[in-house]
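Beneath this line is the structure, given in structure tokens, with notes to follow.
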Amino acid sequence: AEAKTSHPSFPLGEKFGFSAAVLKADNYISRHNAAAANLATVNALANNWRFQHPTRPDPYDSGILATHNDITRRKKEAKWTEKITQYEIFEGYEEACKKKIEEACDESYLAT
């Protein structure tokens, strides 16, 4: 869960996790801002903040050039691999959340 919550689409995610994707925006903003008030490194969210659903990164970073030295290329590849990992973890949590909702709801409700 810790890796999932470092995704940039989840400000203060280590505290609230996947809730940014499922709570109403004003509820998430007020909870986030209440928690951020005690943290010098976290900024409050604007009232018009909205969750931005992340998109899957390309398999390879087009910004990695053949002219980069070996160390730079490896650092960039490691960052890109972490970006892909974060997206895949996010996707897994999203799927798990959907399954939990389906399990909790009546089949006739889901059919409408």
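Across all non-hydrogen atoms, the minimal contact from Leu45 to Ile29 is O-CG2, 4.0 Å.
The backbone N or O of His68 sits nowhere less than 3.5 Å from a side-chain atom of Thr72 that would complete a donor-acceptor pair. Of the possible donor and acceptor atoms, none in the side chain of Asp58 sits under 3.5 Å from a partner among the backbone N and O of Asp61.
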- request: Start with the C-alpha distance between Arg73 and Glu77, add both sets of side-chain angles, then the distance that settles side chain to side chain contact (heavy atoms under 4.5 Å, CB included), and finish with yes or no.
  value: CA-CA 6 Å; Arg73 184 178 42 76; Glu77 286 174 343; 3.5 Å; yes
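Follow the hydrophobic side-chain contacts under 4.5 Å out from Trp80 and you never reach Phe90; the two are in separate clusters.
Around atom CG of Asn47, no more than 12 heavy atoms belonging to other residues, nucleotides or ligands sit under 6.0 Å away. Residue Leu65 qualifies as enclosed at atom CG: its count of foreign heavy atoms under 6.0 Å is above 12.
Between Arg56 atom CZ and Glu88 atom CD the span is 5.5 Å, to the nearest 0.5 Å. Rounding to the nearest 0.5 angstrom, the gap separating the CZ atom in Arg74 from the CD1 atom in Ile64 is 12.5 Å. Considering NZ of Lys76 and OG1 of Thr81, their distance stands at 13.0 Å, rounded to 0.5 Å.
In this structure, the side chains of Lys83 and Tyr87 stay at 4.5 Å or more apart for every pair of heavy atoms.
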